[in-house]
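Have a look at the structure below before the remarks.
All chains are named by letter (A, B, ...) in the order of the sequence lines, taking the proteins before the strands, and each is independently numbered beginning at 1. Model, not experiment: these values are computed from the prediction. What's counted below: heavy atoms across the whole structure, side chains too, no hydrogens, waters or symmetry copies.
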Protein chains: 2
Amino acid sequence: MTDHSHPAGFCCPDHSGAAQARAILAQAEAHAQAGGLRLTPVRRRTLEILLEAHGALGAYEVLERLAAEGYGAQPPVAYRALNFLVEHGLAHRVRRLNAFTACVHPTQEHRAAFLICDRCESVTEASVESLTRAMTEAAGAVGFKLERSTIEGVGLCSVCAGEAA
Amino acid sequence: MTDHSHPAGFCCPDHSGAAQARAILAQAEAHAQAGGLRLTPVRRRTLEILLEAHGALGAYEVLERLAAEGYGAQPPVAYRALNFLVEHGLAHRVRRLNAFTACVHPTQEHRAAFLICDRCESVTEASVESLTRAMTEAAGAVGFKLERSTIEGVGLCSVCAGEAA
DNA sequence: TATCTAATGTTATATCATAACAGTCAAGAG
DNA sequence: CTCTTGACTGTTATGATATAACATTAGATA
Ligand SMILES: [Zn+2]
Ligand SMILES: [Zn+2]
Ligand SMILES: [Zn+2]
Ligand SMILES: [Zn+2]
């Protein structure tokens, strides 16, 4: 799906590299342990698959890999694992892409935003506490009680912006 | 789909009421005229359908209505009209709902945000110039050139928040 | 062990969206 | 005026995303 001719470490700075992926997986496991979550084999493997990927993966892309490794081969297998990860903050859903991506700091309670490159489809998770605060306030001003939000930006990542110039 | 037991004017303050809808439609027509856009019968009717609706409508809901009125009965008919409206700023796509909603101020160039009620599914368009600016800056700080963004909040609208209490 | 619950797996189907191509129509060129 | 052209509308067919419903299995509990 994605091409990834980018120098490693640029297009998705936060979770590129096997070492980073391992570190994040370890964090996620600790987090699950602490919270009494059951990070079963499919779920754990699904998280690994997301971590191994650059950019975000569609549910069916995850499913392909799971099926190839002997897990169930039907959509609910992937959707259930992905939804579990999202519900417990170990992954995020990227609505614009109908795709999922591993959270880069699963232990912190946070609201995430994403920067999606139009050209290379890289997805970068950004922290947006201030944006979320502003949004909560603005919503509150019209009587709306904000609970969750989707904040996704589309444009050119630094690498692609450079190439385009 | 939506229930709408809300007092008119509350759940979707900006385009509720036939008078409001007519006013917005007139604006949209003027805007199209000025920009040399062809607001053909299907497109115009599609916009009306969105304006008549409370909340956002899925493409197939729009299609049903169009088909019932003698327009084409196949998905591309609805998607083409909807995409036209979105491209020209007369409507917006609400990603979280896989749905579309008429723009409440089609003549102004703007970035929109939406507040979506979890309970009654009302959708309120909000202006977010300051949020967008903040986001563009934050993105720029990591070298990302932001072009478009999706900002959608989910929670309880003022009416539903009141009822829940 | 017997029982209960959460998790996994399956089949089937719902929902959302687009590709590809044929017919229509109005504006501009000759 | 007629021909060409390009935008628009329509169709069939298919692709892509997501969930409902139910059978089976594996862990925890009593
Ligand atoms: Zn995260
Ligand atoms: Zn890029
Ligand atoms: Zn708008
Ligand atoms: Zn509501």
Side-chain angles (χ1 to χ4, degrees), chain A residues 1-2 32-33 35-47 49-50 53 55-88 90-101 121 150 152, chain B residues 1-2 32-33 35-47 49-50 53 55-88 90-101 116 121 123 150 152:
Chain A
M1 185 188 181
T2 314
Q33 194 77 16
L37 309 180
R38 291 184 52 191
L39 195 56
T40 61
V42 219
R43 292 171 176 171
R44 192 200 143 100
R45 184 65 194 125
T46 299
L47 180 54
I49 288 170
L50 292 181
L57 291 181
Y60 282 72
E61 292 177 293
V62 170
L63 180 59
E64 255 180 57
R65 290 163 175 73
L66 288 174
E69 297 174 23
Y71 294 102
Q74 304 307 319
V77 170
Y79 281 102
R80 281 197 289 238
L82 289 165
N83 287 332
F84 172 90
L85 296 174
V86 169
E87 270 160 31
H88 296 95
L90 303 179
H92 298 286
R93 185 171 203 145
V94 183
R95 313 231 53 130
R96 179 165 298 253
L97 303 177
N98 292 323
F100 300 82
T101 188
E121 300 189 70
T150 298
E152 296 175 1
Chain B
M1 186 191 182
T2 314
Q33 195 76 16
L37 309 180
R38 293 184 50 189
L39 196 56
T40 60
V42 219
R43 292 170 176 172
R44 192 199 142 100
R45 185 63 193 124
T46 299
L47 180 54
I49 288 169
L50 292 181
L57 291 182
Y60 281 72
E61 291 177 293
V62 170
L63 180 59
E64 254 181 56
R65 290 163 174 72
L66 288 174
E69 296 174 23
Y71 294 101
Q74 304 307 320
V77 170
Y79 280 102
R80 281 196 290 237
L82 290 166
N83 287 333
F84 171 90
L85 296 174
V86 170
E87 271 161 29
H88 296 94
L90 303 177
H92 298 286
R93 184 170 202 145
V94 183
R95 312 224 63 124
R96 181 167 295 254
L97 302 176
N98 291 324
F100 300 82
T101 189
I116 303 163
E121 299 190 70
V123 173
T150 299
E152 296 175 0

(request) Mind checking B:Arg93 for me? I need base, sugar-phosphate or nothing, with any heavy atom below 4.0 Å counting as a touch. (result) sugar-phosphate
(message) Categorize B:Tyr71 for me: base, sugar-phosphate, or nothing, with a 4.0 angstrom heavy-atom threshold over every strand shown.
(response)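 Contact class for B:Tyr71: sugar-phosphate only.
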Figure out the [atom1]/[atom2] separation between [X] and [N], and round it to whole Å.
X	N	atom1	atom2	result
A:Arg45	C:dG9	CZ	P	14 Å
A:Arg95	C:dA17	CZ	P	12 Å
A:Glu69	C:dT8	CD	C1'	16 Å
A:Leu85	C:dA7	CG	C1'	14 Å
A:Tyr79	C:dT10	OH	C1'	17 Å
A:Asn98	C:dA17	CG	P	8 Å
A:Asn83	C:dA7	CG	P	13 Å
B:Glu61	C:dT15	CD	P	11 Å

Reported [atom1]-to-[atom2] distance for the pair [X] and [Y], which is rounded to 0.5 angstrom:
X	Y	atom1	atom2	result
B:Tyr71	B:Thr40	OH	OG1	8.0 Å
B:Arg93	A:Arg96	CZ	CZ	9.0 Å
A:His88	A:Arg38	NE2	CZ	12.0 Å

Could you go through nucleotides 22-27 of chain C and list every protein N or O atom that sits under 3.5 Å from one of its N or O atoms, giving the distance for each pair?
none

(message) Can you give me the first and the last nucleotide of DNA chain D (5' to 3') that has an atom within less than 4.0 angstrom of a non-hydrogen atom in chain A?
(response) D:dT17 to D:dA20
(request) Specify the residue among B:Arg80 and B:Ala99 whose closest nucleotide of DNA chain C lies further upstream toward the 5′ end. (result) B:Ala99
(message) If you assign each of B:Val42 and A:Gln74 to its closest nucleotide in DNA chain D, which residue comes earlier from the 5' end?
(response)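 The residue closer to the strand's 5' end, by nearest nucleotide, is B:Val42.
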(request) Please determine, by modelled atom types, if B:Arg95 and B:Thr150 share a side-chain donor-acceptor pair under 3.5 angstrom. (result) no
(message) I'd like to know if the side chain of A:Arg45 reaches the main chain of A:Leu66, judged simply by a donor and an acceptor atom lying under 3.5 Å from each other, with no hydrogens or angles considered.
(response)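 Such a contact is absent between A:Arg45 side chain and A:Leu66 backbone.
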Restricting to non-hydrogen atoms, name the atom on [X] and the atom on [Y] that form the minimum distance, rounded to 0.1 Å.
X	Y	result
B:Leu50	B:Leu82	CD1-CD2, 3.9 Å
B:Leu90	B:Leu47	O-CD1, 3.6 Å
B:Ala81	B:Thr46	CB-OG1, 3.4 Å

(message) Using only modelled atom types and a 3.5 angstrom limit, is any donor from either the side chain of B:Tyr60 or the base of C:dA17 paired with an acceptor on the other?
(response) yes
(request) Dump the intermediate steps for side chain to side chain contact (heavy atoms under 4.5 Å, CB included) on B:Tyr60 and B:Tyr79, then the final yes or no. (result) CA-CA 9 Å; B:Tyr60 281 72; B:Tyr79 280 102; 3.7 Å; yes
